[in-house]
Asks: 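The structure is given below, and queries will be raised subsequently.
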Amino acid sequence: MTIADKNELRHPPYDQASGFGWLLAELRDHLWPWAGKGQPARKAIQGAGFALALAATVAWVMAALGHLSAGAIIGWWFGWSVFEVLVRLDAKPYVKEGPWWGHLYRRASVMDMLCYVSFKNLLIGAALFIGLKSAGILQL
Amino acid sequence: MKALRLLSAIAGRLALCATLLQPAASQADTYEVKLPPELATAPRMCDYAPCKDVIPGATTFSERKGQPWYVEAYKDEAGQKKLLGYVMLSTDITDIPAYSGKPVVTLIGMDTAGKFTGVKILKHSEPILLLGIPESALVKFNNQYLGKFVGDNIEIGKSRPEENLIGLDAITGATVTVIAQNQVMMTSGSEVAKQVGILKPVNRPQARFPVSTATPSWADLVADGSVQRLTVKPEEVGLKSDGRPYMDLWFGYLNQPTIGHAILGKDGYDSLMGRLKEGEHAIFIVANNSMDSFKGSGFVRGGLYDRVQVRQDKDGFTFRDLDYVNLWGISAAGAPAFNESAIFIIRGKSFSAAYPWKLVFLGNKIDKETAAKTFANFDREYWLADKYLEGGRPVVVKPDPTWLKVWKDKVVEIIAFTALLLVIAAAYASRDKLVRRADRKNKWPVNAFKYTGWVLSIGFVGFYAMAQPSITQVLTWFHSLLFQWKWELFLSDPLIFIFWIFIIVTVFVWGRGLFCGWLCPFGSLSELLYKIGQAVGLKRFQFHLPQALHDKLKWVKYAVFFGLLAVSFFSMGLAEQLAEVEPFKTTFLVGLFNRSWPYTLFAGGLLGLSIFTERPFCKYLCPLGAALAMPTTFRWFGLKRKDECTSCKACAKGCGSLAIDTKGNIDQRECMLCLDCMVLYYDDHACPPLAQERKRRDKAGQPLTPINGKGYFIPIHPAPANTKKEGAAA
Ligand code: SF4
Ligand code: SF4
């Protein structure tokens, strides 16, 4: 959203960090949907999120061991992505505003979060998928 | 026995009639039809295929014969069987895929003089022929072959008599399909023509080998390419992996003395060469730890090794049991272990080791969905290094790959199109300058570029070049990303390829608005209609949906996109058909009046509606727009807003895309980057805070300073007392 209403802007706890530290914090933020320091979140959603993430991880590991088909892992990844939207809306309800290298964030609407999670997980999923496939583990 | 055969023949014919005739009424005659499985394997192929249609006058047909397969066609002449010609099934001979990635199954007839007598498509998977271009176009294309000689140099494009090149008219919008089809026709025809002696093999000058005393190790041989490896993964043939490759072959050429000595040892080499006659060549193949055997069992039954072949340019060399010699061991130090081995003798006169050749592994791929077997070739090139050939490697001109040919053919269009994209991107990048020159009443500084973009994208990109991007391409990527990425597939349509690079880059930099708002042929056409409607006095009939309703309906396009994506995982074919929700094909590829009425009505209705309300399709239905809107969430550079925008509604009122919310924020996913609001932003007669300040200064007799990048007049500060001194000092 091109912001007129400044109330929409947000500051994640790490936005003061700079340089490498900030990059690390960003990376962590992309990979870790749950609340960190200074991020209030509802226990139930977080807990269920952990459980589901664990299951999704197990699914990837099983795929890596060759016990899960491509379709099943896509299903798992999709299911987890839907839940990640909920977890993030609860714990980290912001997305980047403007250039990716900038430090500006805005309040995430449901659609923002959906776009963010689907795009991020598409990239992660594709990377893992291609990795497993070129290792000859996943069958299509 | 006879009765049984008759019965099975009748059953076969019936099955064929059912498959070939039943959908004849519909438009999609042969799109993804189910062919009788016997067609691919039965010795009496013509019981399952309409062979008579491709070789007029034929009454009887032989069983499949040869390598690769063909059948002979006969007619009765005074009680005598007379050979009329040959019929071949393209998929028996080649697996060249068409645009869909699957081959077009074609039945081809050729007379004894090597002239094509008939071509019939039995099955294709080309969505473009199903949805856009009528199948009759392909039939018409194929008819161009009739009467042409298989040995001629036939290519798509203009005839060039000075180069002995016969050109065929392509099907506009299906270039890739026809280029593939031409390769299929020529490969199939010449394979059979060579077998039956119509085409004579090419005579290549034989290689001469320099004398050398070197004894290379296995590693040396691998490093200089004297032994090559051909690996086929289980997934490439549709099998489940058990940790081993499906086929893992090492091979090399043995006549070259240095290599031959290294592999066989001196005695082995001498004894092998002693067996070879002039013009005969030996290669070795070893395999280790593979899931299958490269010898197969065909040689037991038919005396023919049907899994490996050597190809040199258009000539193929197969091996029979008499061409086989045992290979007991490899002398070269460091050679890998193996559990299957062979020496094969190439007896064709035309083979020459001075030129590159390929070892081909002929496999079958099992289709996951249908469990049907299709033919799949895997090959690896081999060419002796300079040092092993007297005088080094001869010069070989390799033909351009298909995609490169297309790029060369379309070079003018490519340059013009790239220039268009660059100019529009440059204009948009300079938007700040352009919108400052424009004002509410005169938006030409911006619109000159935008309208030029529209007109060119409608006329040149849409109607002429048919380069309208489509959601089907996005679906194809999703699948390619996950299943198999083939650059050739994407490169085969240069304008679309370039367009997509542009789209991806600009979506991340500025958002989807630059493509949708300035360059999408259909989007441009619909907004142009709206503007024309406005200009010709239909303005009073023009309307926007109420914002609240719009805010609900705008989600429909995302549902359409996700729906298509989901369907595509189950059936790409169905998704392609459902992608007809995009009226692009009807509008640009086929033409509004060349399709059946429901399509015409749909596209025409949307365009008609566009006269009265701005871009209804883009706002509510377009799956491509939705797919591009999602990453637009992360565009880098947005439009500008002022604090006052939160309470001012001026821009929101003027936004034809209804993209500005009640708090003055722009929803970049909906914004078409028309820049109307940016014109207002700097317009001191239209933007309320600016206008107020202008009036205030006018009243107070203060000068109007320039407007800064934040959209305000540069504040007037009293000049510091010492400015003059500083200035003087400077
Ligand atoms: S929304 Fe669809 S039709 Fe409209 S401009 Fe964008 S891609 Fe083109
Ligand atoms: S008026 Fe502004 S917000 Fe609306 S479409 Fe045009 S550029 Fe986008």
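In what follows, every chain begins at residue 1, and chains take the letters A, B, ... in the order their sequences are listed.
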Asks: Is it the case that more than 12 heavy atoms not belonging to B:Lys710 sit under 6.0 Å from its NZ atom?
Replies: no
Asks: What part of B:Lys642 is in contact with chain A, defined as an atom under 4.5 angstrom from a non-hydrogen atom: side chain, backbone, both or neither?
Replies: backbone
Asks: Does B:Arg669 reach the side chain of A:Asp112, with side-chain heavy atoms less than 4.5 Å apart?
Replies: yes
Asks: Could you tell me which non-hydrogen atom of B:Met630 sits nearest to which non-hydrogen atom of A:Ser118, and how far apart they are?
Replies: CE-OG, 3.5 Å
Asks: Which heavy atom of A:Ala4 sits nearest to which heavy atom of B:Cys645, and what is that distance?
Replies: CB-CB, 3.6 Å
Asks: Can you list the steps and then say if A:Tyr116 with B:Thr633 is a side-chain contact (heavy atoms from CB on, under 4.5 Å)?
Replies: CA-CA 8 Å; A:Tyr116 166 72; B:Thr633 311; 5.9 Å; no
Asks: Backbone N or O of A:Asp5 within a donor-acceptor pair of the B:Asn665 side chain at under 3.5 Å?
Replies: yes
Asks: Distance from A:Trp100 atom CH2 to B:Trp636 atom CH2, nearest 0.5 Å?
Replies: 6.0 Å
Asks: If you round to the nearest 0.5 Å, how far is NZ of B:Lys640 from OG1 of A:Thr2?
Replies: 12.0 Å
Asks: State the CE-OH distance between A:Met111 and B:Tyr558, to the nearest 0.5 angstrom.
Replies: 4.5 Å
Asks: Not counting sequence neighbours, list each pair that qualifies as a ring-ring contact (aromatic ring centres under 6.0 Å, His included) and has a residue in residues 652-678 of chain B.
Replies: none
Asks: Need one label for A:Phe78: side chain, backbone, both or neither, based on atoms under 4.5 Å from any heavy atom in chain B.
Replies: neither
Asks: Rounded to the nearest 0.5 Å, what's the gap from CZ on B:Phe634 to CD on A:Glu97? Could you check?
Replies: 11.5 Å
Asks: Taking atom CH2 of A:Trp101 as the centre, report whether more than 12 heavy atoms of other residues, nucleotides or ligands fall under 6.0 Å from it.
Replies: yes
